[in-house]
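Whatever order the structure lists ligands and atoms in, that order sets their numbers, starting from 1.
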Amino acid sequence: ADGARVPALVIGTGYGAAVSALRLAEAGIPVTMLEMGRLWSEPAEDGNVFCTITAPDRRSMWFRSRTEAPLATFLWLDVVNRDIEPYPGVLDRVDHGDMAVYVGRGVGGGSLVNGGMAVVPRRDYFGRVLPQVDADAMYDRYYPLAQTELRANTIDQGFHRDSDYYRFSRTAAAQAEAAGLKTAFVPGVYDFDYMRREEAGTAPESALGGELLYGNNHGKMSLPKTYLAKALGTGLVTIAARHEVRRIEQDADGDYLVTVEHKDDADEVIATKQIGARHLFLGAGSLGTTELLLRARDTGDLPDLDESIGQGWGPNGNVMTARANQVWAPTGVKQSTIPVMGIDDWDNEDARVFAEIAPLPAGIETWASLYLAITDNPERGHFTYDAAADRAVLHWSADQAEPGTAAAKSLFDRLNRAHGTSYRYDLFGGNRAFADDFCYHPLGGVVLGEATDDYGRLNGYERLYATDSSLIPGALGVNPLVTITALAERNLEAVIGADIA
Ligand code: FDA
């Protein structure tokens, strides 16, 4: 309500935000969460909450009149995207010139749209990325805690070996192994027992029914089924959906005053509110948290925020590519949308790559192997605040993606040489084999130990915290969701003990 005062306000409902809300509430502190996206709970006319990748409708994307899927074309034809009605759909693509960033919108943030791969980074690399964080505590306590709370589990290898739906994964893994590369199964937050029932025909299809990118109706243990359900279960957490935070100020008592717009499905403002909070936790994601803090600093609302806000951003070295297999190596008409394996060539110092073996569920045989490569690209971008547009602008140029693409190319050239295969040029637009102009893993902007102390407390202010992917400096070596969660667990434990309880 307008003029309300709350003990703790959390902006966003993704991983960092959800951990914050749960642990604060468990410590007895009432929490209000503000989320710009929808609460995805009511089924639409078709009986489902979310739409599929092959028949996207207004639920698919955030205020677009046409979908903008990462694979824009097939055989160079514009057959992938569809005209849709503008609506607060679940997947957004935020364009910043040479880099487009895909993010989830809705209660649950990225957990609604992501592949759910729950990969713990190599310990030595983690130590390089976040040297000030006690790795023993992370690996002994916070990573296992995060995996448990997120309900990470691993696919049964017999199921992977026998199911038609994982032919794409077996084909790509066998080819990698034949080329002398290491592969590994990785945990995920999809309920693999549920997937067995899908295949047996005893449960509605979800991962096996083409649900990808635009939300998942059944098997994925997204945040509304884990951390957020538990947080609401305390009775102390309130979530306000379609509430977009615009501005953060401080009053004379040192409380934070947050200006928030409550919007309708046409994106019209229904009400503008101010909410005061003693403690303010930012979990709006790398882009969202960085923008809110840059705006606050550069408009003079919170002038003492650190110089380094906006720095240290990277796309986790993301590069997408696809190979065209020989006719005797099909990838399958049926494909599960949940990736479960990776090619791990991170020990190759000249070209470190961890490549997720990704599905391409087109409903027809494509003979294509698709990969999301995570590379050790050292390039970083930064944001500046554009006052006229009132938004944060990312400075990242196409050439900054090149070290990552070169590393990915060296790995996939090796695979192509071993199998006499070539790249697919028809999928990403512009006749390209490598898509390095978009990412799924935005990281940084409010780097831990630079813009904040070693626990996410913003420099220059008290009782103001960053909790999400903005803390991680640009690259992590693996998919980031477990690390974001585990780091938030670690930071919140320290903060609740010292600042609040
Ligand atoms: P996150 O982005 O999850 O949540 C931020 C929330 O804040 C959003 O709901 C947003 O709407 C809201 N918000 C932003 N600004 C706001 C404002 N001003 N006011 C109110 N609310 C605001 N990772 C992984 O580990 N394994 C995987 O398999 C994948 N796969 C994958 C696929 C795709 C398609 C995407 C887009 C992403 C992935 N990821 C992934 C990445 C992963 O989902 C991502 O790193 C995390 O969701 C980031 O978590 P955060 O807590 O930082 O924010």
Side-chain angles (χ1 to χ4, degrees), residues 9-20 33-40 53 62 69-70 88 90-94 100-121 146 150 152 186-190 212-215 220 222-223 227-228 239-248 258-263 282-293 295 315-316 318 320 337-340 342 356 358 372 374 391-392 438-446 466-472 476 478-485 487-488:
L9 197 60
V10 174
I11 304 174
T13 54
Y15 294 94
V19 171
S20 306
M33 303 183 85
L34 303 172
E35 167 58 53
M36 66 193 277
R38 295 182 70 234
L39 173 66
W40 292 94
I53 186 83
W62 182 256
V90 70
L91 182 71
D92 197 1
R93 176 184 157 119
V94 183
V101 183
Y102 283 94
V103 294
R105 297 259 181 251
V107 173
S111 80
L112 300 172
V113 300
N114 67 25
M117 286 178 102
V119 193
V120 175
L150 293 166
V186 294
V189 303
Y190 196 87
L212 173 76
L213 289 170
Y214 302 143
K220 193 164 70 177
S222 53
L223 289 169
Y227 275 97
L228 291 172
I239 302 177
R242 294 299 284 130
H243 277 61
E244 183 176 339
V245 174
R246 301 293 312 162
R247 183 172 181 190
I248 304 169
V258 168
T259 305
V260 50
E261 291 176 349
H262 183 193
K263 291 180 161 182
L282 284 93
S286 167
L287 298 187
T289 293
T290 303
E291 177 168 87
L292 285 168
L293 292 173
R295 181 186 291 131
N316 203 20
N318 281 186
M320 203 174 255
T337 59
I338 296 296
V340 295
E356 164 188 330
L372 175 61
I374 296 169
R391 68 185 287 246
F438 69 80
C439 75
Y440 288 172
H441 303 161
L443 297 173
V446 187
T467 67
D468 56 21
S469 49
S470 65
L471 293 170
I472 298 170
L476 187 65
V478 293
N479 318 58
L481 79 81
V482 197
T483 300
I484 299 163
T485 306
L487 191 63

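Remark: ligand 1 atoms within the under-4.0 Å shell around heavy atoms of R105 are 10 (C), 11 (O), 14 (C). The G106 neighbourhood of ligand 1 comprises atoms 9 (O), with distances under 4.0 Å to a heavy atom of that residue. Listed by number with element, the atoms of ligand 1 under 4.0 angstrom from any heavy atom of E244 are 19 (N). Close contacts of ligand 1 with Y15, meaning ligand atoms under 4.0 Å from a residue heavy atom, involve 46 (C), 47 (O), 49 (O), 51 (O). Ligand 1 places these atoms under 4.0 Å from at least one heavy atom of Y102: 36 (C). Of all atoms in ligand 1, listed by their number and element, those nearer than 4.0 Å to a heavy atom of L34 are 20 (C), 21 (N). Close approach to G283 involves these atoms of ligand 1, each under 4.0 Å from a residue heavy atom: 5 (C), 6 (C), 7 (O). Those atoms of ligand 1 with a heavy atom of P480 less than 4.0 angstrom away are 23 (N), 24 (C), 25 (O), 45 (O).
Judged by distance alone, the side chain of N316 and the main-chain N or O of V478 form a donor-acceptor pair under 3.5 Å. Looking at E35, its side chain never comes within 3.5 Å of a backbone N or O of V107 through a donor-acceptor pair. No donor-acceptor distance shorter than 3.5 angstrom exists from the side chain of S469 to the backbone of L443, with no hydrogens or angles considered. A donor-acceptor pair is defined here as one N or O able to donate and one able to accept, closer than 3.5 Å; no such pair exists between the side chain of R295 and the backbone of I248.
Taking only nitrogen or oxygen atoms, main chain and side chain alike, L91 does not reach within less than 3.5 Å of ligand 1. Taking only nitrogen or oxygen atoms, main chain and side chain alike, G115 reaches within less than 3.5 Å of ligand 1. Residue G16 has at least one N or O atom closer than 3.5 Å to an N or O atom of ligand 1. Polar contact check, E35 against ligand 1: a nitrogen or oxygen pair lies under 3.5 Å apart. At a 3.5 angstrom cut-off on N or O pairs, G37 does not count as close to ligand 1. An N or O contact shorter than 3.5 Å is missing between V113 and ligand 1 by distance. Between G110 and ligand 1, an N or O atom pair is found at a separation short of 3.5 Å. Looking at ligand 1, you won't find any N or O of G288 less than 3.5 Å from one of its N or O atoms. Geometrically, ligand 1 and L213 share no nitrogen or oxygen pair separated by less than 3.5 Å.
Not a single heavy atom of A17 sits under 4.0 Å from any atom of ligand 1. The shell of residues lying under 4.0 angstrom from ligand 1, judged by heavy atoms, excludes E291.
In this structure, C439 SG and I374 CD1 are separated by 11.0 Å, a value rounded to the nearest 0.5 Å. Taken to the nearest 0.5 Å, the OG1 atom of T13 stands 10.5 Å off from the CZ atom of R105. Going from atom CD1 of I53 over to atom CG of L213 covers 4.5 Å, rounded to the nearest 0.5 Å. Distance check, rounded to the nearest 0.5 Å: CH2 of W62 to CE of M36 gives 4.5 Å. Atoms CD1 and CE, from I239 and M33 in turn, are 5.5 Å apart once rounded to the nearest 0.5 Å.
For atom 26 (N) of ligand 1, the candidate residues are M117, E356, H441; the nearest heavy-atom contact is made by M117. The closest non-hydrogen atom to atom 35 (C) of ligand 1, taken over Y440, W62, Y190, comes from Y440. Looking at A284, S111, G116, S469 and measuring to atom 14 (C) of ligand 1, the nearest heavy atom belongs to A284. Of the options V101, T290, N114, the smallest heavy-atom separation from atom 29 (C) of ligand 1 is shown by N114.
With contacts defined as side-chain heavy-atom distances shorter than 4.5 Å, the pair S111/Y227 does not qualify.
Of all heavy-atom pairs between V113 and K220, the closest is C-NZ, 3.7 Å. Nearest heavy-atom pair, T467 versus S20, reported as atom, atom and distance to 0.1 Å: CG2-OG, 3.3 Å. A17 approaches G283 most closely through the heavy-atom pair CB-O, 4.0 Å. L223 and G14 make their closest contact through CD1-C, 3.3 Å (heavy atoms, listed as atom of the first residue, atom of the second, distance).
Annotation: atom 25 (O) of ligand 1 to nearest protein heavy atom, L481 N, 2.6 Å. Nearest to atom 21 (N) of ligand 1 among the protein's heavy atoms is M36 N, 3.1 Å. The closest protein non-hydrogen atom to atom 44 (C) of ligand 1 is I484 CD1, 4.3 Å. The nearest heavy-atom contact from the protein to atom 53 (O) of ligand 1 is G285 CA, 3.5 Å. Of all protein heavy atoms, the one lying nearest to atom 4 (O) of ligand 1 is G14 CA, 3.4 Å.
Using a 30° and 60° split on the angle between ring planes, H262 and H243 fall in the parallel class, below 30°.
Paired with Y15 under the rule side-chain hydrogen bond (donor to acceptor under 3.5 Å, both in side chains), one option of N114, D468, T483 passes, and it is N114.
A donor atom on one side chain and an acceptor atom on the other are not found under 3.5 Å apart for Y102 and N318.
Looking at V245 against ligand 1, both its backbone and its side chain come within 4.0 Å, counting heavy atoms.
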